[in-house]
There are 2 protein chains.
Amino acid sequence: MAKIKDVAELAGVSVSTVSRVLCNGPVSDKVRKRVEAAMAKLDYRPNLAARRLRSQHTDTIGLIVSDIRNPFFTAVSRAVEDEAYRNGMRVILCNTDESPEKEAMYLKLMREERVTGVILAPTRHSVAALDPESLGFPVVMIDRTPAQGDGDAVVLDNRRAAAQLVEHLLAAGYRDIGGLFGNTSSTGAERHAGFAEALTHAGLPSPARFVPPSVEAAEAAVTAWLAEPDRPRALLISNGIFLLGAVRAIKAAGLCLPQDLALAGFDNEVWTSLIDPGLTVIEQPVDEIGRSAMAMLLARLEDPARSHRHVVLQGKLVARGSSAPLRQR
Amino acid sequence: MAKIKDVAELAGVSVSTVSRVLCNGPVSDKVRKRVEAAMAKLDYRPNLAARRLRSQHTDTIGLIVSDIRNPFFTAVSRAVEDEAYRNGMRVILCNTDESPEKEAMYLKLMREERVTGVILAPTRHSVAALDPESLGFPVVMIDRTPAQGDGDAVVLDNRRAAAQLVEHLLAAGYRDIGGLFGNTSSTGAERHAGFAEALTHAGLPSPARFVPPSVEAAEAAVTAWLAEPDRPRALLISNGIFLLGAVRAIKAAGLCLPQDLALAGFDNEVWTSLIDPGLTVIEQPVDEIGRSAMAMLLARLEDPARSHRHVVLQGKLVARGSSAPLRQR
DNA sequence: GACCGCATTGAAATCGATACCAGTTTTTGT
DNA sequence: ACAAAAACTGGTATCGATTTCAATGCGGTC
């Protein structure tokens, strides 16, 4: 593949001049045209590795999530990538599967890549232990965040959202409300907090169960729970993955929504509106989360000294049939 | 950030020796330990840009798809990434949105990155015009492929799969079968071919419509079609995105599956089993597609001279209630 | 006509690693 | 114990670009 020296020779100029053409430096029109002709003729493309080495900026950001197949992260990723490419940056995507080891490995990789910055959905482990300062690049956390509130982050108002769901269920007349939460992320803990708070405030118990982040785990937990004699009358499900497992369990148990059981959860995935009678969910502003995270990262790069901030976005309650008001009998 | 020279000085050896430690070259245990201690002390991480420039291999592959939010591509991407990282390679992900311009831009970018190879779901435009030889890196196509069969590719047996769905519908007693296909990919064309062939073979007409690749377009097309007096009695839908639009249109029209309309489509997305009465679909072996594509790329890199090949995978018919046998009346 | 300033251009250093070659030490064989 | 082979180590060129600094040419001014 042609390199800058070949272009320079063909155009009869020095490599410096070709470089200037590349970077819109000061070059006379006549020379610029000659150089551009030579570049076209050789089908020249600059070598990004060389450019990055010399210029010391990689224009690359890392995006570390638990699993791109989780539609929430899929949507966020797409928004991040669009925003990144729009700003002339590239994205390296990594899936941790909630494993702290994988996460640590990918963070190391990020250092080797000399990334400009990282957008990270931290595992529960790292959210506590991670020192963003020591990493050598700025980090914006998404979805999950350390409680004490340092560092940059874009998150949902998880407590409020969970409380909103509880209030919605209470208003619909339900009293025995159970909650299913993830045991690996701070998100699950926060949603549980909002859930428990709202029920306690109403003078009700707040039975909760915690499971690892997989459809199967959620399905098994809900199946077991529904088989118990004093099973809840309504369930709050902490994310879209669990929701899928919950619906499977409910179908398998032959229960009807909402007559036998009310259901409300997180993540407005496409199918939640399609299954009868429609699932009540909190919709997260996924595009906005991705865009904000990227914007935040760019702002931090612009001004490394600016104070850390948390952007807390509100979810939107989408009420559907699965939480229809309890009929009096 | 520390560089190799710093490590060398701290360890009291030459940079060459440090480099050898890095690359598992021949180094005495004593020196290796000293160097490793120095690396640990300095928290040294090699600069990948420098390494790539010098070694002339980037260990990076490009993955170019239309939209990562399409669950088919999500799943394939994840498989590709896992396989790539397992082989010490990195992945650059790009979304073309079926735009030939974006695709061309990303292919240019791939050249600048000096990628080792590319896995590409080509737009209809490039599937015809693309000359993989001229790109400077090997390409494995997925999902879509040029008809004439040159180049490496991993695809579904689309004709057969579509024919299978048609045969399934015929066996269930349906006769007026319509098909909805994408107008931007070769996949749509092939599935249409299989669809038309199977119906023609049965002596039946094969009414088909073609739409751009979006949920909205599919929804609008199906809504319009269902409003016509001689609307089909069964629909074959060419992919998971369209299937979503179709289900929305059917629900909006107040039609019941399968009494009012039978439905069969592609892509066994999670929700297809959840909505009543379950959607009949062709399941694509998404993990296998991703893994095979990566394996194929690695094999091609190993032996650039080996003959091109197409891996054609069979889909699996998953029969559900949406295509239940037509009751006699 | 000498001098200054501006706009261009080129030469050479540099980014941080690896590759190659040569030199030195250690091991092995007899 | 000596020669030959093997193992290890260091110096330097190099990858392909950008960056810095110096040189050149040209026009205008006094």
Side-chain angles (χ1 to χ4, degrees), chain A residues 1-36 38-39 42-60 88 90 108-116 136-137, chain B residues 1-36 38-39 42-60 88 90 108-116 136-137:
Chain A
M1 189 161 306
K3 48 194 200 178
I4 201 169
K5 198 167 147 230
D6 304 324
V7 176
E9 277 166 13
L10 181 60
V13 298
S14 72
V15 291
S16 332
T17 300
V18 178
S19 174
R20 273 187 281 263
V21 171
L22 246 32
C23 306
N24 287 315
V27 183
S28 69
D29 281 353
K30 207 178 57 189
V31 172
R32 161 166 279 123
K33 273 219 213 92
R34 259 210 339 268
V35 171
E36 278 168 352
M39 295 201 295
L42 295 173
D43 194 18
Y44 168 77
R45 302 264 102 213
N47 181 321
L48 285 179
R51 174 176 286 188
R52 292 204 256 254
L53 173 59
R54 176 63 241 225
S55 71
Q56 298 289 74
H57 44 76
T58 57
D59 291 342
T60 299
R90 262 154 290 296
K108 262 193 211 157
L109 176 62
M110 295 301 105
R111 302 196 58 207
E112 303 190 350
E113 292 276 3
R114 301 296 192 270
V115 293
T116 306
F137 45 74
Chain B
M1 190 163 302
K3 49 194 200 180
I4 202 170
K5 199 167 146 231
D6 304 324
V7 176
E9 278 166 12
L10 182 58
V13 297
S14 72
V15 291
S16 329
T17 299
V18 178
S19 175
R20 266 178 223 115
V21 171
L22 247 30
C23 307
N24 287 315
V27 184
S28 69
D29 280 353
K30 208 179 57 187
V31 172
R32 161 167 278 123
K33 271 218 213 96
R34 255 203 351 259
V35 170
E36 278 168 353
M39 296 201 296
L42 295 173
D43 195 19
Y44 168 76
R45 301 265 99 213
N47 182 320
L48 285 179
R51 176 176 285 187
R52 292 204 254 255
L53 173 59
R54 177 62 243 228
S55 72
Q56 298 289 76
H57 43 77
T58 57
D59 292 341
T60 299
R90 263 152 290 294
K108 260 193 212 158
L109 177 61
M110 295 302 107
R111 302 196 59 207
E112 303 191 350
E113 292 276 2
R114 301 294 192 271
V115 293
T116 307
F137 45 73

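Please read these numbers as outputs of a predicted model, since none were measured by experiment. Letters A, B, ... are given to chains in the order of the sequence lines, protein chains preceding strands, and every chain is numbered from 1.
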Between atom [atom1] in [X] and atom [atom2] in [N], what is the gap in whole Å?
X: R52(A); N: dA17(C); atom1: CZ; atom2: P; result: 16 Å
X: E9(A); N: dG16(D); atom1: CD; atom2: P; result: 13 Å
X: R32(A); N: dA7(C); atom1: CZ; atom2: C1'; result: 13 Å
X: R54(A); N: dT14(D); atom1: CZ; atom2: P; result: 19 Å
X: L48(A); N: dG16(C); atom1: CG; atom2: P; result: 18 Å
X: L53(A); N: dG16(D); atom1: CG; atom2: P; result: 12 Å
X: K5(B); N: dT18(C); atom1: NZ; atom2: C1'; result: 17 Å
X: L42(B); N: dG16(C); atom1: CG; atom2: P; result: 14 Å

>> I'd like to know if R51(A) reaches the base of dT18(D) with its side chain such that a donor and an acceptor end up less than 3.5 angstrom apart.
In response: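 Result: no qualifying N/O pair found.
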> Any donor-acceptor pair under 3.5 Å joining the side chain of R20(B) to the base of dG10(D)?
Replying inline: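 Check passes, donor-acceptor contact within cut-off.
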Return the nearest nucleotide to the side chain of [X]; candidates are [options].
X: V13(B); options: dT8(C), dG10(D), dG10(C); answer: dG10(D)
X: K3(B); options: dG10(C), dG10(D), dG16(C); answer: dG16(C)
X: S19(B); options: dT18(C), dG16(C), dA17(D); answer: dT18(C)
X: C23(A); options: dG10(C), dT18(D), dG10(D); answer: dT18(D)
X: A50(A); options: dC8(D), dT12(D), dA17(D); answer: dA17(D)

Hey, is the side chain of [X] poking within less than 4.0 Å of OP1 or OP2 on [N], counting only N and O atoms?
X: S55(B); N: dC15(D); result: no
X: Q56(A); N: dT14(C); result: no
X: S16(A); N: dA12(C); result: no
X: S28(A); N: dT8(C); result: no

>> Restricting to non-hydrogen atoms, name the atom on A50(B) and the atom on L53(A) that form the minimum distance, rounded to 0.1 Å.
In response: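 A50(B) and L53(A) have their closest heavy atoms at CB-CD1, 3.7 Å.
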>> For a 4.5 angstrom cut-off between non-hydrogen side-chain atoms, does L48(B) reach L109(A)?
In response: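 They are in contact (side-chain heavy atoms under 4.5 Å apart), so the answer is yes.
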> Is there a side-chain contact between Y44(A) and V35(A), using heavy atoms and a 4.5 Å cut-off?
Replying inline: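 No; the side chains remain at least 4.5 Å from each other.
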> How large an angle, rounded to 10°, do the end axes of the helix from dG1(C)-dC30(D) to dT30(C)-dA1(D) enclose when each is built from five base pairs?
Replying inline: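 Roughly 40° between the end axes, to the nearest 10°.
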> Starting at the 5' end of DNA chain D and moving along, which residue's nearest nucleotide shows up first, R114(B) or T17(B)?
Replying inline: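 The residue closer to the strand's 5' end, by nearest nucleotide, is T17(B).
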>> Here's a test of your reading of the structure: between A2(A) and V15(B), which maps to the more 5' nucleotide of DNA chain D?
In response: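 Taking each residue's closest nucleotide, the earlier one in sequence belongs to V15(B).
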>> Is a donor from one side chain sitting under 3.5 angstrom from an acceptor on the other, for S19(A) and S16(A)?
In response: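 On atom types as modelled, these side chains do not qualify, holding no pair under 3.5 Å.
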> Given the rule in the side-chain contact (heavy atoms from CB on, under 4.5 Å) test, do I4(B) and L22(B) qualify, once you have shown the distances and angles that lead to the verdict?
Replying inline: CA-CA 10 Å; I4(B) 202 170; L22(B) 247 30; 4.3 Å; yes
> When you measure from the side chain of R114(A) to the backbone N and O of R111(A), does any donor-acceptor pair fall under 3.5 Å?
Replying inline: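 Checked: pair present.
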> Is there a donor-acceptor pair under 3.5 Å between the side chain of R34(B) and the backbone N or O of A11(B)?
Replying inline: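 Yes, R34(B) side chain to A11(B) backbone: donor-acceptor pair under 3.5 Å.
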>> Could you check whether E113(A) pairs with R45(B) (Lys NZ or Arg NE/NH1/NH2 to Asp/Glu carboxylate O, under 4.0 Å)?
In response: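 Between R45(B) and E113(A) there is no salt bridge, as every charged N stays at least 4.0 Å from the carboxylate O atoms.
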>> Students often get this wrong, so: under 4.0 angstrom with heavy atoms, is P46(A) touching a base, only sugar-phosphate, or nothing?
In response: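 Sugar-phosphate, no base atom in range.
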